Amino acid sequence: MELEKIIYFYSITEHDGQPKGICAAKRFWFQDASLRTGLFDDGALQVVGCAIPPFYYRRRAWKPQMLSEAMEEVLRRVESMTETLTDTWLQPQIEEVLTEEYSRRFSPREDTVRAVTRRLVDRYAGEMIRESGEVSVLLGEPADTDRQMEMTRELLHPYLSRINRLLIFYEEMAEADIWMELGSHLDEYYYEYGLVPQLEPYGNSRGGVQELGDKADLRCGRHTCRGLVLDYCAQFRYPKILPESNVVYIDVASEASKERLLRRKTPRIPYVSPLKYLDTMVKNGYDG
């Protein structure tokens with residue numbers, strides 16, 4: 001089923017231009033929670049923003065269970081106003097308050113992440129892929145390789161006829177043959193588009209091949225990344241990007257520290273992530 005609505009929960013403070021006292025919730029806050037709405041450019045996904053005060057009634061700190069129950073009420077309220085499928089997405093600050101025990105309930109579904117990322121690729125990188133014909137993929141945890149490869153092919157499908165270089169970085173595993181692991185995925189590119197992806201293992205911080213099982217500081221190798229960089233990793237892998245290159249960096253994992261590290265490495269490269277896009281859309285209140 002196609003997702004049509006996302007509730008994005010984010011925190012507010014006294015410095016957000018809100019009326020005095022708004023940083024402390026009132027009793028039954030969830031019944032009157034202020035909702036902001038933004039639309040993606042194709043209208044297929046609607047994003048509803050829900051701002052959460054940092055304190056409960058009279059500046060008492062939120063208890064995870066209490067906040068979770070209040071957010072459930074918001075979710076039921078939104079669902080009662082629409083017949084479309086509804087999902088949720090959390091700002092990291094809200095995840096911290098909820099703790100892992102309760103935040104899992106509000107994690108976005110896989111198809112939600114794919115839907116948002118697909119629109120980011122189309123909006124920010126589509127023309128660049130067509131012009132450059134190059135994509136670099138930074139795979140994350142080996143346990144998620146199949147899922148990430150499937151998602152990659154779905155995201156790149158509209159552009160595959162124009163792609164002539166697909167570079168895939170991966171994490172080496174002991175006694176694992178990456179060509180066997182990715183065989184079915186790679187065959188689809190070759191037989192349908194004549195495209196042979198390049199596979200490159202992550203190396204260590206000194207530029208050598210990683211020691212198997214050592215994930216302390218894995219980095220991309222010597223190959224240069226151009227066009228679209230699609231990153232699934234939890235940590236920044238320092239892809240090689242030339243200063244004059246036209247590149248869009250899409251961070252599927254939405255790890256905020258990556259933007260800072262990318263700016264330090266290549267200040268002019270645009271950084272995009274699902275979380276950053278939702279946050280900007282809701283807070284600015286504009287149509288995507």
Side-chain angles (χ1 to χ4, degrees), residues 110 113-173 176-203 207 209-210 218-254 258 262 265-266 269-274:
E110 173 71 10
V113 177
R114 292 193 185 198
V116 176
T117 307
R118 182 168 59 249
R119 282 154 179 78
L120 297 186
V121 171
D122 293 344
R123 171 167 180 160
Y124 293 99
E127 285 305 313
M128 185 173 294
I129 296 173
R130 294 187 180 96
E131 292 174 4
S132 70
E134 300 191 44
V135 176
S136 297
V137 180
L138 281 56
L139 295 179
E141 289 291 331
D144 294 330
T145 295
D146 279 337
R147 178 182 62 81
Q148 293 168 2
M149 289 295 291
E150 290 174 1
M151 181 174 175
T152 297
R153 193 175 190 286
E154 177 185 309
L155 296 174
L156 299 182
H157 185 266
Y159 314 101
L160 285 175
S161 62
R162 301 289 295 272
I163 295 175
N164 51 51
R165 180 177 183 257
L166 178 57
L167 176 59
I168 301 175
F169 291 93
Y170 67 95
E171 183 179 319
E172 287 189 306
M173 295 291 290
D177 185 336
I178 191 63
W179 290 98
M180 291 292 292
E181 294 284 334
L182 301 184
S184 61
H185 300 288
L186 302 180
D187 287 346
E188 294 183 20
Y189 291 109
Y190 178 73
Y191 288 113
E192 294 189 32
Y193 298 95
L195 178 62
V196 180
Q198 296 175 249
L199 301 182
E200 176 75 8
Y202 292 116
V209 176
Q210 73 171 100
L218 301 184
R219 299 192 176 205
C220 295
R222 55 187 172 79
H223 293 284
T224 302
C225 298
R226 302 183 184 88
L228 167 64
V229 175
L230 191 62
D231 185 1
Y232 293 98
C233 301
Q235 301 84 21
F236 190 55
R237 297 303 190 200
Y238 294 90
K240 183 179 180 181
I241 302 173
L242 299 180
E244 69 276 9
S245 297
N246 289 323
V247 175
V248 173
Y249 189 104
I250 296 184
D251 175 20
V252 182
S254 293
K258 290 183 187 176
L262 184 69
K265 179 179 173 62
T266 49
I269 301 301
Y271 169 91
V272 187
S273 75

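Please read these numbers as outputs of a predicted model, since none were measured by experiment. One is the number of the first residue; the rest follow in order along the sequence.
- How far CD1 of Ile250 is from CG of Leu138: 12.5 Å, rounded to the nearest 0.5 Å.
- Just one residue in the list Leu228, Ile269, Thr224 forms a side chain to side chain contact (heavy atoms under 4.5 Å, CB included) with Val247, and that residue is Ile269.
- A donor-acceptor pair under 3.5 Å is absent between the side-chain atoms of Arg153 and the main chain of Met149, judged by distance alone.
- Using a 4.5 Å cut-off on side-chain heavy atoms (C-beta onward), Glu181 and Tyr170 make no contact.
- No cation-pi contact links Arg237 to Phe169, judged by a cut-off of 6.0 Å to the six-membered ring centre and 45° from its axis.
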Please lay out, stage by stage, how Glu141 and Arg147 fare under the test side-chain contact (heavy atoms from CB on, under 4.5 Å). CA-CA 10 Å; Glu141 289 291 331; Arg147 178 182 62 81; over 6 Å; no
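- For the pair Cys233 and Ala253, the tightest heavy-atom approach, listed with the atom from each and the gap, is O-CB, 3.3 Å.
- Separating the CG atom in Leu139 from the CD1 atom in Ile178 is a distance of 7.0 Å, to the nearest 0.5 Å.
- Contact annotation: the side chain of Val135 never approaches that of Thr152 to less than 4.5 Å [non-hydrogen atoms, C-beta and beyond].
- The two residues Leu155 and Pro158 come nearest to each other via the heavy atoms O-CD, 3.5 Å.
- Met151 is listed as a side-chain neighbour of Val113, based on a closest heavy-atom distance under 4.5 Å.
- Two residues are said to be in side-chain contact when any heavy atoms from C-beta on lie closer than 4.5 Å; Ser132 and Arg226 fail this criterion.
- In this structure, Leu182 CG and Asp146 CG are separated by 8.0 Å, a value rounded to the nearest 0.5 Å.
- A salt bridge links Arg130 with Glu127; the closest basic N to acidic carboxylate O contact falls under 4.0 Å.
- Residues Tyr232 and Asp144 form no side-chain contact, since every pair of their non-hydrogen atoms from C-beta on lies 4.5 Å or further apart.
- In terms of modelled atom types and a separation under 3.5 Å, the side chain of Thr145 and the main chain of Pro142 share a donor-acceptor contact.
- With sequence neighbours left out, Ser254 forms a side chain to side chain contact (heavy atoms under 4.5 Å, CB included) with Ser273, Pro274, Leu275.
- Residues Val229 and Tyr271 have side chains not in contact (no heavy-atom distance under 4.5 Å, counting atoms from C-beta outward).
- Between Asn164 and Glu134 the shortest heavy-atom distance is OD1-CG, 4.2 Å.
- Across Gly140 and Gln148, no two heavy atoms sit closer than the pair N-OE1, 2.9 Å.
- Put simply, CG on Leu195 and CG on Leu186 are 9.5 Å apart, with the number rounded to the nearest 0.5 Å.
- Note: Arg162 CZ to Glu131 CD = 8.5 Å, rounded to the nearest 0.5 Å.
- No side-chain heavy atom of Leu160 sits under 4.5 Å from any side-chain heavy atom of Glu192.
- Counting only heavy atoms from C-beta outward, the side chains of Glu200 and Ile168 never approach each other to under 4.5 Å.
- Taking CZ from Arg219 and NZ from Lys240, the interatomic distance works out to 14.0 Å, rounded to the nearest 0.5 Å.
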